[in-house]
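Here is the naming used below: chain letters follow the sequence lines, and residue numbers restart at 1 for every chain.
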Amino acid sequence: MDVLLVAVLLFYLSSAIYAIITLTMEQPPARTNQRLRVLVAIGFAVHSASIALSWKQLGHFPVVNLKEVCSFLAGAIAAYYLIFVPRDKARALPIFVLLCSFLLILVSLLLPDEPLSLTLSSAISASPFTKVIFPIHVTMLMFSYAAFVVTVAGSAMYLLQERQLKTKHFGAAFRWMPALNTCDELSYRSLTIGFVLLTLGVLTGMMWGSQHDGRFWHNDPKEVLALVTWFVYLAMIHYRVTAGWRGRRVAWMAIGGFVAVLVTFIGARAMGGYHVFG
Amino acid sequence: MSIVLLGINHHTAPVEVREQLAFTEAELPDALQAMIQNQAAQECLIVSTCNRVEVIAETADANQLRDFVYELKRLPLNCFNSHLLQLTDAEAIKHTFRVASSLDSMIVGEPQILGQVKDAFHAAQTIGTVGHTLTRLMNRAFAVAKKVRNETGIAANAVSISYVAVELARKVFDTLDGTTVMLLGAGEMAELAAKHFITNGAKKLLIANRTYEKAQTLATEMNGEAVPFETLDKRLAEADIVLCSTGATHHLITSKQIEQVLENRRYRPIFLIDISVPRNIDPAISHLDNAFVFDIDDLEAVAEANLQERQREAERAELIVSAEAERFAASLAEGNLNQVIGVFRREVHQLATAELERTRKRLGQLTPEQEDAIQIMLNSIVNKFTHPIIKQLRESEDGHSPYLEAFREFYHQDKE
């Protein structure tokens with residue numbers, strides 16, 4: 001499987017390089033975007049095959065340790081880009097997204113494989129229902145993280161450019177970055193999608209818990225942190241809808257929200273609890 | 001026969017001189033036809049714009065062509081020679097490429113010139129004064145111009161104030177389609193900028209002026225809506241882009257106003273351009289989120305930086321153009337050389353074959369072996385005879401050795 005993963009790594013890397021080269025061209029060749037998407041799609045297909053293969057070999061959904069989570073998240077980010085990112089507008093975005101996927105796979109390849117813990121194993125295979133709900137729970141959350149990665153990319157591009165427009169010092173990358181409104185829309189759209197997926201992920205987690213041991217809430221650090229993250233994003237959407245907040249303030253909030261995601265993602269591992277896998 | 005370019009342009013001559021040599025669109029067909037009919041040129045086309053007049057021709061005598069141009073314009077012979085660029089072959093090719101690529105333009109990289117050169121070529125094509133050589137030259141020039149545009153940034157950035165304003169606004173709004181522009185005051189530059197915004201997609205134009213009648217006049221003229229100055233506070237919220245250029249000596253738009261405007265706009269960004277001196281828009285507005293203010297100096301700084309960027313890119317473009325011009329000149333010369341050599345060999349071979357045919361009667365019936373042997377001998381003699389001469393010709397790289405000229409005379413190859 002690692003061989004397949006190395007192939008995937010190369011696909012994501014070469015698409016990132018293709019995206020960089022065409023971005024800096026005065027006039028990129030025709031159908032650049034379609035070609036890029038095809039390249040990413042092939043990488044994603046190989047990636048999916050490698051995950052399916054692991055699933056078959058291991059007998060359980062293969063996203064139970066950090067190594068596997070990194071790889072799965074990389075795929076989710078690529079898939080998110082293919083499905084949800086509008087076609088032509090933000091030409092600088094794929095670079096960010098693809099480099100993210102590339103790095104995550106690199107990390108995944110370098111991390112050691114940890115065996116499935118007994119507690120988790122029993123939680124997954126407690127009943128036919130938990131066997132089904134586990135992959136759904138994980139997939140929802142991974143895709144919500146992918147959406148938040150795109151949100152952060154949009155926000156970062158917004159902040160960088162906003163700063164240059166305000167200070168009137170235009171750096172080299174200025175020309176290639178999408179317009180402020182495009183960044184803002186992209187960011188907000190991904191934020192909403194990510195929020196919906198996060199909600200579904202948390203809900204499926206609760207359903208799983210209540211099926212497994214009768215409790216939908218365990219006071220697990222990850223659960224608490226996820227709730228905090230959820231409220232941060234809820235607040236952002238609330239102010240956007242009611243007060244029309246947008247621009248710099250929202251971009252900073254999106255970055256703050258992402259820090260909460262990172263803390264949830266990595267921090268919970270350090271704090272113990274049964275969500276230790278990622 | 002060579003490619004000749006007679007040119008006069010903003011580098012070589014002031015407008016008083018250029019205008020005397022310029023050809024109007026109506027004059028062009030007759031001028032082109034006259035050049036051909038009077039055998040001043042074999043092929044010709046004329047690019048005539050406000051910055052340049054360039055006669056590009058295939059001719060044997062550049063001086064004769066030049067005299068004929070003076071004659072056409074009813075000017076005394078040689079009167080503007082000091083302003084006139086007279087280039088032949090490689091140099092003429094390079095200049096043509098530079099002009100088409102907008103490297104010779106007043107504002108390097110401006111896009112109109114390529115269209116003007118294309119028009120000139122098509123005009124000459126319609127009248128039928130361009131043939132094989134100039135068609136090749138011009139098609140190559142268009143390809144080079146495209147290459148320069150694609151591979152360098154000479155046309156990438158705006159270098160005029162109003163274009164800079166449009167490009168900066170695009171950095172905020174992505175597209176100007178459907179945006180509303182408010183023009184405050186009647187400064188000429190702001191008006192020009194407003195026109196640029198409209199041609200680039202802005203949907204609505206609001207015009208405010210201290211004197212409402214002035215606003216109304218301008219509104220009729222520019223197809224906008226006049227806005228009474230007293231309602232400015234309210235109407236500002238509609239504007240995505242505000243262009244300001246008045247004679248007022250204080251801030252017409254204050255930070256407090258924009259704060260309110262932004263709230264009314266639900267924080268959709270607003271883009272303000274202040275072309276007035278002293279400034280009419282409070283620069284402190286810059287500190288508000290979603291409000292972007294640029295004054296005349298900001299725009300000029302961007303334009304200046306872009307111009308410098310263009311000039312750097314132009315240096316790269318010059319390299320491309322030089323290389324392409326050399327390649328084209330070489331291929332043209334080689335084409336000429338091969339043509340001459342081909343004709344030479346054919347002629348010698350025909351001579352030998354004719355002699356053989358005359359002798360054949362006396363030879364009687366030959367066996368196939370004998371026939372072959374004679375053919376081989378004949379080819380061998382032709383090759384041995386022509387070889388040192390062809391070698392000599394090929395060694396004259398630029399295709400302009402006295403030998404080549406001599407051969408052209410011998411075999412009358414000019415007409416081909």
Side-chain angles (χ1 to χ4, degrees), chain A residues 21-30 32 86-93 154-155 157-189 236 239-253, chain B residues 109 146-158 164 167-179 237 240 262-272 283-306 309-310 313 316-317:
Chain A
I21 293 172
T22 49
L23 184 70
T24 54
M25 282 177 166
E26 288 304 331
Q27 269 181 357
T32 296
R87 268 156 197 269
D88 287 315
K89 285 208 165 165
R91 288 205 297 133
L93 182 80
S155 299
M157 288 192 292
Y158 182 96
L159 289 171
L160 220 73
Q161 263 199 115
E162 200 254 6
R163 170 119 207 96
Q164 299 195 342
L165 275 168
K166 289 277 185 182
T167 58
K168 284 134 196 174
H169 289 296
F170 304 109
F174 186 77
R175 198 193 300 173
W176 301 313
M177 276 194 285
L180 286 185
N181 270 4
T182 311
C183 296
D184 192 62
E185 276 158 30
L186 181 81
S187 201
Y188 180 63
R189 186 183 143 94
M236 285 168 64
Y239 282 115
R240 171 81 168 220
V241 172
T242 57
W245 279 19
R246 59 161 73 221
R248 202 170 68 97
R249 187 158 29 175
V250 177
W252 276 117
M253 281 176 77
Chain B
K146 195 176 164 196
K147 189 175 175 188
V148 164
R149 258 184 130 58
N150 286 347
E151 293 180 11
T152 74
I154 60 159
N157 296 305
V164 166
E167 299 229 317
L168 284 172
R170 280 218 179 97
K171 268 295 175 189
V172 175
F173 299 104
D174 183 35
T175 162
L176 298 177
D177 290 344
T179 51
D240 302 296
L262 278 168
E263 205 185 313
N264 294 346
R265 288 173 60 79
R266 289 178 60 80
Y267 301 101
R268 276 180 299 118
I270 186 163
F271 186 80
L272 303 114
I285 290 169
S286 237
H287 299 305
L288 298 171
D289 277 357
N290 302 312
F292 300 89
V293 187
F294 287 86
D295 62 32
I296 181 82
D297 278 6
D298 299 331
L299 298 180
E300 259 164 14
V302 174
E304 178 57 33
N306 287 350
E309 172 71 17
R310 270 193 190 192
E313 289 298 305
R316 286 180 51 216

Practice problem: Heavy-atom pairs under 4.5 Å with chain A are the metric here; pick the option from Ala305(B), Ala291(B), Ala301(B) that has the most. | Solution: Ala291(B)
Exercise. Using modelled atom types only, decide if a donor and an acceptor are shared between the side chain of Arg266(B) and the backbone of Val241(A) within a distance under 3.5 Å.
Key: yes
Quiz item: For the side chain of Lys168(A) and the backbone of Leu299(B), is there at least one donor-acceptor N/O pair under 3.5 Å apart?
Solution: no
Quiz item: Is it the side chain or the backbone of Arg268(B) that comes within 4.5 Å of chain A heavy atoms, both, or neither?
Solution: both
How close do [X] and [Y] get, counting heavy atoms only, and between which atoms?
| X | Y | result |
| --- | --- | --- |
| Asn181(A) | Pro269(B) | OD1-CG, 3.4 Å |
| Phe173(B) | Ala179(A) | C-CB, 4.2 Å |
| Glu162(A) | Asp289(B) | OE2-OD1, 4.1 Å |
| Lys171(B) | Phe174(A) | NZ-O, 2.7 Å |

Self-check item: Spatial distance of atom CG (Asp184(A)) from atom OH (Tyr267(B)) [nearest 0.5 Å]
Solution: 14.0 Å
Practice problem: Nearest 0.5 Å please: distance from the NZ atom of Lys166(A) over to the CG atom of Leu288(B). | Solution: 6.5 Å
Quiz item: Given a strict heavy-atom distance threshold of 4.5 Å, which part of Thr167(A) is in contact with chain B: side chain, backbone, both, or neither?
Solution: neither
Exercise. Answer yes or no: are there more than 12 heavy-atom neighbours, outside Phe170(A) itself, under 6.0 Å from its atom CZ?
Key: yes
